[in-house]
2 protein chains.
Amino acid sequence: MAYRETSKIRERKQATHSTIVSHALAMLNEVGFSGLQMAALANRCGLATGTLYRYFPSKEDLCTVLFAHATDIEIAQVEQHLSSTTDTASERIAAALSTFAKRALRAPITAWALIAEPVAPAVIAARLHYRERYAQLFANAIEQGVATGELPAQDSSLSSRALVGAIAEALIGPLAKTEQLDAHAAVQTSVAFCMQAISARPWPSAHLASSITHK
Amino acid sequence: MAYRETSKIRERKQATHSTIVSHALAMLNEVGFSGLQMAALANRCGLATGTLYRYFPSKEDLCTVLFAHATDIEIAQVEQHLSSTTDTASERIAAALSTFAKRALRAPITAWALIAEPVAPAVIAARLHYRERYAQLFANAIEQGVATGELPAQDSSLSSRALVGAIAEALIGPLAKTEQLDAHAAVQTSVAFCMQAISARPWPSAHLASSITHK
DNA sequence: CTAAAAAATGAATCATGATTCACTTCTTGT
DNA sequence: ACAAGAAGTGAATCATGATTCATTTTTTAG
């Protein structure tokens, strides 16, 4: 008998695994999921194409892992802001939105990949999970604010999705001209937009109903 | 000499052209741009694959035409609401947002295809054009409201993008559970969200600045 | 009816990119 | 040094789907 897995090997495999993941995350932010080609990734890692398949059974599995990595980091940060107990609900939400917005600006393609890029079914499942966690986080925070009377009553689940959508579209929608924006100002403005939306007293729905109806 | 293009033929060709476009629009709303396969489309039109190529030089060209068609219809409707002079700026904007929201709910995949689906470069160009027209429309309406004092001063271009993003994400983001929503209520709620965002007096940016800064 | 010209056809070809696998190189315990 | 068992390799294979083009069908004018 001869070969037996030793810790040296185990570590090397772990290192290779990390190498693959980190290079893949970098590529994800350059070309999105669909542009992430296995051959190119292997090349970038200094590995053969086939080697990737010793670590991940398919591109879809790799993408799912990437998705989980990218979102865990992001959600952990947002969660941290939202779970603080020192500030008011509004302040917590504003801080969390800023974090989200800044990350979106810093890594626009990743943000787009996580939020909107069409992906394989298995990855879609991961995305729904991600959206749900996100929606839950913000929805809870909004509900806390509503409970204390700090915010007006509202459909917290819809509001939380609208928050994410507003920021995502405002910041990453026009990928073409990201560089033209003053990033700090853009973050501040879009967070303010969101805070107004959830803080304001309900917009007269009588007007709304009539203006909807008469067409 | 013999064959000469006659009006009979010209009309038939026009009819075929329309057939292709309308079936393609239908498919677009089922599977998006990337799922739109030339062979399947031809089959659906009762034509041979090759015939499509007598009418459109490539799938990319076809998609560009589809994009223009879909957006022209949508933008015309929104424009109509925004250009009315009888209502207040807020009412005009609310009506236009409702129209946008309803269309998004009725044709969610098309909405997603127009707004966010990754597409070929030529189609991206069409999309930027579309976004710009949209942003212009809403931005103008917001500025009118600001000019009359009806709305507070704001970055109209950012606001208009955030409006579209908020509604899009709130309504089409969770494609999976669209059917669970009460459509009418969802439209009304997300429009209200938007109206609050642009109508409210600026959210205290002092709070914002501090909560951003201390992390 | 016939020939010329165009339109339609759809099987074959191309292009792209994921996945496989026979083979080579390493590692390890004796 | 050796044999067993992995790990790594990358060219070949597959799958998908757009595009082409030689052939067939239509249309038209004389």
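Order of the sequence lines sets the chain letters (A, B, ...), proteins ahead of strands, with each chain counted from 1.
Within the nucleic acid shown, A/Phe56 has no heavy atom closer than 4.0 Å to any nucleic acid atom.
Checking side-chain atoms of B/Gln154 against main-chain N and O of B/Ile198 turns up a donor-acceptor pair under 3.5 Å. Within the 3.5 Å criterion, the main-chain N or O of A/Leu97 finds no donor-acceptor partner in the side chain of A/Lys102. B/Arg92 contributes no side-chain N or O that, together with a main-chain N or O of B/Ser83, makes up a donor-acceptor pair within less than 3.5 Å. Not a single donor-acceptor pair under 3.5 Å links the side chain of A/Ser84 to the backbone N or O of A/Gln80.
Between the C1' atom of C/dA7 and the CZ atom of B/Arg4 lies a distance of 16 Å, rounded to the nearest Å. The distance between atom OH of A/Tyr55 and atom P of D/dA6, rounded to the nearest whole Å, is 14 Å. Taking atom CD on A/Glu11 and atom P on D/dA7, their separation rounds to 15 Å, with Å as the unit. Separating the CG atom of A/Asn43 from the C1' atom of D/dG8 is a distance of 15 Å, rounded to the nearest angstrom.
Scanning for salt bridge (Lys or Arg N to Asp or Glu O under 4.0 Å) contacts around B/Glu79 gives an empty result, with sequence neighbours left out.
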- Reading 5' to 3' through nucleotides 13-27 of chain D, protein heavy-atom contacts under 4.0 Å coded B for base, S for sugar-phosphate only, - for none: ----SSBB------B
Which atom pairs, donor and acceptor, lie under 3.5 Å between side-chain atoms of residues 9-17 of chain B and protein residues at least two apart or in another chain?
| unit_1 | atom_1 | unit_2 | atom_2 | d |
| --- | --- | --- | --- | --- |
| B/Arg10 | NH1 | B/Glu5 | OE1 | 2.8 |
| B/Lys13 | NZ | B/Glu5 | OE2 | 3.0 |
| B/Thr16 | OG1 | B/Arg12 | O | 3.1 |

